[in-house]
Amino acid sequence: VKPQDLPTAAAQIAAACATRQPLIISTAAGVRIRTIAAALGGHSNIVRAMPNRPALIGKGMTALFAGPATGAADRDLAGHILGAVGEIVWLQEESQMDVATALSGSGPAYFFRLIELLEQAGERLGLPRETARKLAVETAHGAGCMARETGIDPAILRAEVTSPGGTTA
């Protein structure tokens, strides 16, 4: 549900929430639990989730935050559901959802833009578009895998590629 559509959607399920007390998982960006609870007539068994676009291929990253009325079993359920499309991380404060949205929700766009720019540079410098795209995409993929699998600080990984006075520098 888009944030602007939340009041309409909430009105449609408020009666069921009052009688059945289900877990509500909201992906409405920027909409606080208190706002969702108010729209649902006071229902507060709510988890906010911010998955990112790679969830579409099972490689997503989702930040989760549960309100105080959400018990351990429902937190586990929310984690299980969102874990089906990638990795999850639980946040300790609801205000952290805004940061997670900027970092991880919007983050893929920045990586896509970098790939786009690398591809364009390769093509401008004489590579066929398909070759430039493959080099850019696979470089991004490999670098991401290396950062994830080694656990080495990205600044160190970058420094290891950057020889003083070399082409990277």
Side-chain angles (χ1 to χ4, degrees), residues 1-10 23-33 35-36 46-67 75-169:
V1 173
K2 298 286 186 190
Q4 63 271 20
D5 298 330
L6 183 67
T8 302
L23 169 63
I24 300 296
I25 300 174
S26 172
T27 60
V31 182
R32 301 275 188 255
I33 286 178
T35 302
I36 299 165
I46 301 167
V47 170
R48 287 185 60 199
M50 181 46 58
N52 63 14
R53 189 146 183 92
L56 293 171
I57 62 164
K59 300 289 184 187
M61 183 67 231
T62 301
L64 297 165
F65 176 79
R75 288 173 193 241
D76 289 345
L77 177 59
H80 181 73
I81 290 168
L82 276 300
V85 295
E87 299 292 322
I88 64 166
V89 63
W90 283 96
L91 303 177
Q92 299 303 308
E93 297 176 27
E94 189 171 17
S95 62
Q96 295 172 329
M97 285 298 289
D98 295 333
V99 178
T101 298
L103 178 68
S104 183
S106 300
Y110 305 127
F111 288 100
F112 297 146
R113 181 64 175 145
L114 178 59
I115 292 168
E116 181 183 6
L117 292 169
L118 289 170
E119 177 186 342
Q120 290 170 359
E123 189 176 10
R124 255 193 331 273
L125 294 170
L127 292 174
R129 169 174 260 145
E130 300 78 26
T131 302
R133 177 169 293 165
K134 184 169 182 71
L135 285 166
V137 168
E138 293 305 321
T139 297
H141 177 76
C145 288
M146 190 170 192
R148 181 181 192 203
E149 292 173 17
T150 67
I152 297 171
D153 185 311
I156 293 171
L157 292 171
R158 179 189 45 77
E160 290 174 348
V161 175
T162 311
S163 302
T167 58
T168 306

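If you read the sequence from its start, that first residue is 1, and numbering goes on from there.
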Seminar exercise, completed: Scanning both residues in full, the closest heavy-atom pair of Gly79 with Ile88 reads CA-CD1, 3.7 Å
Exercise. Are Asp98 and Arg32 ion-paired here, with the side-chain N under 4.0 Å from a carboxylate O?
Worked result: yes
Problem set entry | Heavy-atom closest contact (Ile33 atom, Ala66 atom, distance) | CD1-C, 4.1 Å
For this session: Please step through side chain to side chain contact (heavy atoms under 4.5 Å, CB included) for the pair Thr27 and Val1, ending with a clear verdict.
Result: CA-CA 7 Å; Thr27 60; Val1 173; over 6 Å; no
For this session: Identify, with sequence neighbours excluded, every residue that meets salt bridge (charged side-chain N to carboxylate O under 4.0 Å, His left out) alongside Arg124.
Result: none
Exercise. Are Arg133 and Glu130 close enough for a salt bridge, meaning some N to O gap below 4.0 Å?
Worked result: no
Exercise. Taking all non-hydrogen atoms of both residues, which atom of Ala136 and which atom of Leu118 are closest, and how far apart?
Worked result: CB-CB, 3.8 Å
Problem set entry | CA sep, side-chain torsions, deciding dist, call: Arg148, Glu87, salt bridge (charged side-chain N to carboxylate O under 4.0 Å, His left out) | CA-CA 12 Å; Arg148 181 181 192 203; Glu87 299 292 322; 3.0 Å; yes
Exercise. Under 6.0 Å from the CD atom of Gln92, do we count more than 12 heavy atoms belonging to anything else shown?
Worked result: no
For this session: Might you work through the side chain to side chain contact (heavy atoms under 4.5 Å, CB included) test for Thr150 and Leu157, ending with a clear yes or no?
Result: CA-CA 10 Å; Thr150 67; Leu157 292 171; 4.1 Å; yes
Exercise. Closest approach of Pro3 and Val31, non-hydrogen atoms and distance?
Worked result: CB-CG2, 3.8 Å
Exercise. Any donor and acceptor pair, going by atom type alone, linking the side chain of Ser104 with main-chain N or O of Ala100 inside 3.5 Å?
Worked result: no
Exercise. When rounded to the nearest 0.5 angstrom, what is the spacing between OG in Ser106 and CZ in Arg53?
Worked result: 12.5 Å
Exercise. Taking atom CE of Met50 and atom CG of Asn52, what is their separation to the nearest 0.5 Å?
Worked result: 9.5 Å
For this session: Mind running side chain to side chain contact (heavy atoms under 4.5 Å, CB included) on Thr62 and Val89 for me, showing each step along the way?
Result: CA-CA 6 Å; Thr62 301; Val89 63; over 6 Å; no
Seminar exercise, completed: dist Arg158:CZ -> Thr168:OG1 (nearest 0.5 Å) comes out at 10.5 Å
For this session: Return the minimal non-hydrogen interatomic distance between Leu91 and Phe65, and the atom names on each side.
Result: O-CD1, 3.5 Å
For this session: Ignoring hydrogens and angles, tell me if any N or O in the side chain of Gln96 forms a donor-acceptor pair with the backbone of Glu93 under 3.5 Å.
Result: yes
Problem set entry | Straight-line distance of Glu138 CD to Ile115 CD1, nearest 0.5 Å | 9.5 Å
Problem set entry | Exercise: identify the closest heavy-atom pair between Ala169 and Ser163 | CB-O, 3.7 Å
Problem set entry | Spatial distance of atom CG (Leu82) from atom CD1 (Ile25) [nearest 0.5 Å] | 5.5 Å
Seminar exercise, completed: Those residues at least two apart in sequence (or on a different chain) that pass salt bridge (charged side-chain N to carboxylate O under 4.0 Å, His left out) with Asp76 are none
Exercise. Quick one: does Ile24's side chain get under 4.5 Å of Val47's, heavy atoms only?
Worked result: no
Exercise. Any chance CZ of Arg75 has more than 12 other-residue heavy atoms, nucleotides or ligands included, within less than 6.0 Å?
Worked result: yes
Exercise. Can you list the steps and then say if Arg48 with Leu64 is a side chain to side chain contact (heavy atoms under 4.5 Å, CB included)?
Worked result: CA-CA 6 Å; Arg48 287 185 60 199; Leu64 297 165; over 6 Å; no
